[in-house]
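Written out below as structure tokens is the structure these notes cover.
Hydrogens, waters and symmetry mates are skipped; everything else that's a heavy atom, side chains included, is used. As the structure is a prediction and not an experimental result, all values here were calculated from the model.
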Amino acid sequence: MNRISVENKIEALRKELRQHNHNYYVLDNPTISDYDFDVLLKELQALEAEYPEFYDANSPTLRVGGEITKNFNTVVHKQRMYSLDNSYSKDDLLDWEKRVKKIVGETNIEFTCELKYDGASISLTYEDGKLVRAVTRGDGFQGDEVTTNIKTIKSVPLQLKGNYPAKFDIRGEIVLPFDGFHKMNEERIANGEEPYMNPRNTASGSLKLQDSALVAKRPLECLLYSVVGANLNIDTQYQLLEKTRSWGFKVPTIARLCKSMDEVMAFVEHWDVHRHELPYETDGVVIKVNTLRYQEELGYTSKSPRWAMAYKFKAEQVSTILNEITYQVGRTGAITPVANLEPVLLAGTTVKRASLHNADQIEKLDVRVGDTVFVEKGGEIIPKIIAVDTSKRPEDSLITTYIKNCPECNTELYRTEGDAKHYCPNEYGCPPQITGRVQHFISRKAMDIDGLGSETVELLYKEGLITNYADLYTLTIEQVLPLERMAEKSAENLVQGIAKSVEVPFERVLFALGIRFVGETVAKKLARAYKNIDALMYASVLELATVDEIGDRIANSVVSFFQNERNLENINRLKNYGLQFELSADKLLNQTEKLKGQTYVVSGVFEMSRNDLKKLIEDNGGKVGSSISSKTTFLVAGDKMGPSKRTKAESLNVPIITEQEFLEKLA
């Protein structure tokens, strides 16, 4: 055969094999025997080996794996992967529906209901119809690149078909069907190995296996549910599911378009009963506002989309014996009582400990050592004790008395009025508080220091090498090398990781300082409002409280933090070590106070993206409101804005301006 006919033959085989893969793994409708499929695959492998110049990274022959990945690169998501708010009753959903209607300004809202599959979240990037990257959810902002492993999953298309966008990300869940999970465990038991605990953890662990050939042997599947990108030409969530299915993705057909909350609840109630008939693990239903334009208008909170809600099925419950109550100390000094249980299997994992939350909860449940207790996973994640079987209580049972002194440093605990928690006031002498602050400082969303983990922080403190996070920047390779399990390369990586962290931007440094109540989102707002640490240090409670979403509690906490001499000393040290304590030049670029004190509501479709429009408002000192009120300064109206929003703005005498008029205000 000449080169052209060879290339044509190879492409024809690839196309045929892709279609057979799609028929078998996505449509569950094979049109060829396994034997005939293998014959075609071997023919393609032979041609590719003989003619390596026609190599294709997305060839069906590469599904078998074999590449080794020693280190998984960290990749920043272009669009954050948010978590979902949870609901447990129809009342929760009705409250959410009211909030949605208020913000959108419409009374008739459609919803798309999809099952919430329990697996490992993944983001796949496609360019020109080819899979170019697969990244785990990670912390939502960045994850690990696992492209080589994902390519072995047969239901992930390597080459799309139909009329797809030039570039987009698609999000979904990597799951392990029950049948495949049970077969894997049968093989492990036959080989004398411990069986895997549950499909979800097994699926998640599979993504980080270094040998992709091992991943290829696991019957993983990928179920897709959302697309992120520009120029998608898609108007609704339901249409999105149908279109992505036509491009070759495995998208569950169970989704339902609902026109009312009654229809939503009918879907929920049906699958709460019938979910056990499904081939995969599922723990609830995800309800989404169907119109994508409304989704964009609703936007996000700091943690989750306002346009989606997860209805969680009733959690599984088991009973076991409470053997002991111990107490943990957090980095803020908060004391958390922990129930140490007789090990019991719950929702696929062995549970040995459960949270008792606080003294009030212990008193409310009247829980005692030796009791038979009922345990469930809150949101099917964190185990908690929900009740006590007093009929089985031992006769010599003693009422639980909450501790009066810190279990770590023996300092007397305190509890302020209205606060559920007890606290240890020994902020700079209590070991878990010291190491907890350092562990928060180095965490992924804060300084994200490579080569330094929680256990190493404990060792550094134990050996007297650090007493606060500023001490990290004085460490040398010679100091850390003698630590347990610390090789020379690890010591070098640790010191280099600390040195590199001085490049972390101001808003993350501010979050890393560990000011009470100042989370990631609040830190960004404070950084934007004050531009540098010195201006923030001298801000009063009254001044701080005028910043968007900063109430009295946060304002008092910030002022209190900067009144502490030790904190000021640490900040001065960190300044000298080169950490970023002011917004970078590129973030300060184009920032003004032109819109200070003004609140804007943005509604409709615009020439620029809605996110860019909101950023312009915030960069110029304004606040973006979610719904129209008497405090709204302007309503920026785009195409297709709902009439009810216009009516409300007019009734409150809120001026309505166009996108162009808004831009002219900034000019």
Could you list the donor-acceptor pairs under 3.5 angstrom formed by side chains in residues 179-186, with sequence neighbours left out?
residue	atom	partner	partner atom	Å
Asn185	OD1	Tyr196	N	2.7
Asn185	ND2	Tyr196	O	3.2

Where is the tightest heavy-atom contact between [X] and [Y], given as atom of each residue plus distance?
{"X": "Ile32", "Y": "His20", "result": "CG2-ND1, 3.4 Å"}
{"X": "Ala203", "Y": "Ile174", "result": "CB-O, 3.8 Å"}
{"X": "Ile386", "Y": "Leu365", "result": "O-CD2, 3.5 Å"}
{"X": "Ala120", "Y": "Ser204", "result": "CB-CA, 3.8 Å"}
{"X": "Leu240", "Y": "Ser226", "result": "CD2-CA, 3.9 Å"}
{"X": "Leu635", "Y": "Ala649", "result": "CD2-CB, 3.8 Å"}

| task | Determine, step by step, whether Lys421 and Asp360 satisfy the salt bridge (charged side-chain N to carboxylate O under 4.0 Å, His left out) criterion, reporting the C-alpha distance in whole Å, the side-chain angles of both residues, the deciding distance to 0.1 Å, and the verdict. | result | CA-CA 9 Å; Lys421 292 273 189 185; Asp360 292 343; over 6 Å; no

Looking just at side-chain N and O atoms, do [X] and [Y] make a donor-acceptor pair shorter than 3.5 Å?
{"X": "Arg171", "Y": "Ser123", "value": "yes"}
{"X": "Glu221", "Y": "Tyr280", "value": "yes"}
{"X": "His274", "Y": "Glu277", "value": "yes"}

| Ring-ring centroid check Tyr117 Tyr225, cutoff 6.0 Å |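 No, ring centres 6.0 Å or more apart.
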
Under 6.0 Å from the [atom1] atom of [X], do we count more than 12 heavy atoms belonging to anything else shown?
{"X": "Asn163", "atom1": "CG", "result": "no"}
{"X": "Glu194", "atom1": "CD", "result": "no"}
{"X": "Glu363", "atom1": "CD", "result": "no"}
{"X": "Lys161", "atom1": "NZ", "result": "yes"}
{"X": "Gln317", "atom1": "CD", "result": "yes"}

| Stepwise side chain to side chain contact (heavy atoms under 4.5 Å, CB included) check, Gln295 with Thr291 | CA-CA 6 Å; Gln295 288 188 12; Thr291 303; over 6 Å; no

| request: State plainly whether the residues Arg393 and Asp366 are in salt-bridge range, i.e. N to O under 4.0 Å. | output: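 Salt bridge flag = yes for Asp366 with Arg393.
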
| query | Would Asp139 and Lys445 pass as an ion pair if we require N to O under 4.0 Å? | reply |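 No, Asp139 and Lys445 are not salt-bridged.
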
| query | Run the side chain to side chain contact (heavy atoms under 4.5 Å, CB included) check on Asn340 and Arg353 step by step: do they pass? | reply | CA-CA 5 Å; Asn340 295 270; Arg353 291 150 61 87; 3.5 Å; yes

Separation between [atom1] of [X] and [atom2] of [Y], rounded to the nearest 0.5 Å:
{"X": "Ile628", "Y": "Ile103", "atom1": "CD1", "atom2": "CD1", "result": "11.5 Å"}
{"X": "Thr152", "Y": "Lys154", "atom1": "OG1", "atom2": "NZ", "result": "6.5 Å"}
{"X": "Lys392", "Y": "Ile321", "atom1": "NZ", "atom2": "CD1", "result": "7.5 Å"}
{"X": "Glu114", "Y": "Thr112", "atom1": "CD", "atom2": "OG1", "result": "6.5 Å"}
{"X": "Ser355", "Y": "Gln361", "atom1": "OG", "atom2": "CD", "result": "8.5 Å"}
{"X": "Asp169", "Y": "Arg133", "atom1": "CG", "atom2": "CZ", "result": "8.0 Å"}

| query | Can you list the residues that meet the salt bridge (charged side-chain N to carboxylate O under 4.0 Å, His left out) rule with Asp272, with sequence neighbours excluded? | reply |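 For Asp272, the residues satisfying salt bridge (charged side-chain N to carboxylate O under 4.0 Å, His left out) (neighbours in sequence not counted) are Arg275.
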
| field | Pair Asp389-Ser391, side chain to side chain donor-acceptor pair (under 3.5 Å): steps then yes or no | value | CA-CA 5 Å; Asp389 186 349; Ser391 68; 2.5 Å; yes

| request: State whether Phe267 and Arg256 meet the cation-pi test: NZ (Lys) or CZ (Arg) under 6.0 Å from the six-membered ring centroid, and within 45° of the perpendicular axis. | output: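 No - Arg256 does not lie over the ring of Phe267 by the 6.0 Å and 45° rule.
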
| task | Spell out, as yes or no, whether a donor-acceptor pair under 3.5 Å connects the side chain of Ser155 to the backbone of Cys222. | result |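 Flag set: sc Ser155 to bb Cys222 pair under 3.5 Å.
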
| Polar side-chain atom of Lys288 near backbone of Tyr238 as donor-acceptor pair, under 3.5 Å |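 Answer holds: no.
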
| said: So, applying side chain to side chain contact (heavy atoms under 4.5 Å, CB included) with Leu292, which one of Asp235, Leu232, Ile234 is it? | reply: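 One option only clears the test, and that one is Ile234.
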
| field | Side-chain touch Pro305/Leu84, heavy atoms, less than 4.5 angstrom | value |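 A side-chain contact under 4.5 Å exists here.
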
| request: Answer yes or no: is there a side-chain heavy-atom contact under 4.5 Å between Lys151 and Thr147? | output: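 Yes, close enough: below the 4.5 Å cut-off.
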
| request: Please step through salt bridge (charged side-chain N to carboxylate O under 4.0 Å, His left out) for the pair Glu97 and Lys101, ending with a clear verdict. | output: CA-CA 6 Å; Glu97 183 187 30; Lys101 288 181 176 179; 3.4 Å; yes

| query | Between Lys645 and Glu297, is a salt bridge (charged side-chain N to carboxylate O under 4.0 Å, His left out) present by the stated rule, with each step listed? | reply | CA-CA 12 Å; Lys645 268 205 168 157; Glu297 192 159 329; 2.5 Å; yes

| said: With salt bridge (charged side-chain N to carboxylate O under 4.0 Å, His left out) as the criterion, how do Glu110 and Lys259 come out once you've worked through the C-alpha distance, each side chain's angles and the decisive distance to 0.1 Å? | reply: CA-CA 5 Å; Glu110 289 185 336; Lys259 297 185 182 297; 2.6 Å; yes

| said: For a ring pair (Phe, Tyr, Trp, His ring centres under 6.0 Å) check, start with the C-alpha distance between Phe249 and Tyr126, then their side-chain angles and the critical distance, and finish with the verdict. | reply: CA-CA 12 Å; Phe249 294 106; Tyr126 283 82; 5.2 Å; yes

| query | Using the ring of each side chain (for Trp, its six-membered ring), is Phe111 parallel, tilted or perpendicular to Trp96, with breaks at 30° and 60°? | reply |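 Phe111 and Trp96: tilted rings.
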
| query | Any idea how Trp307 and Tyr300 line up, ring-wise: parallel (<30°), tilted (30 to 60°), or perpendicular (>60°)? | reply |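 Ring orientation of Trp307 relative to Tyr300: perpendicular.
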
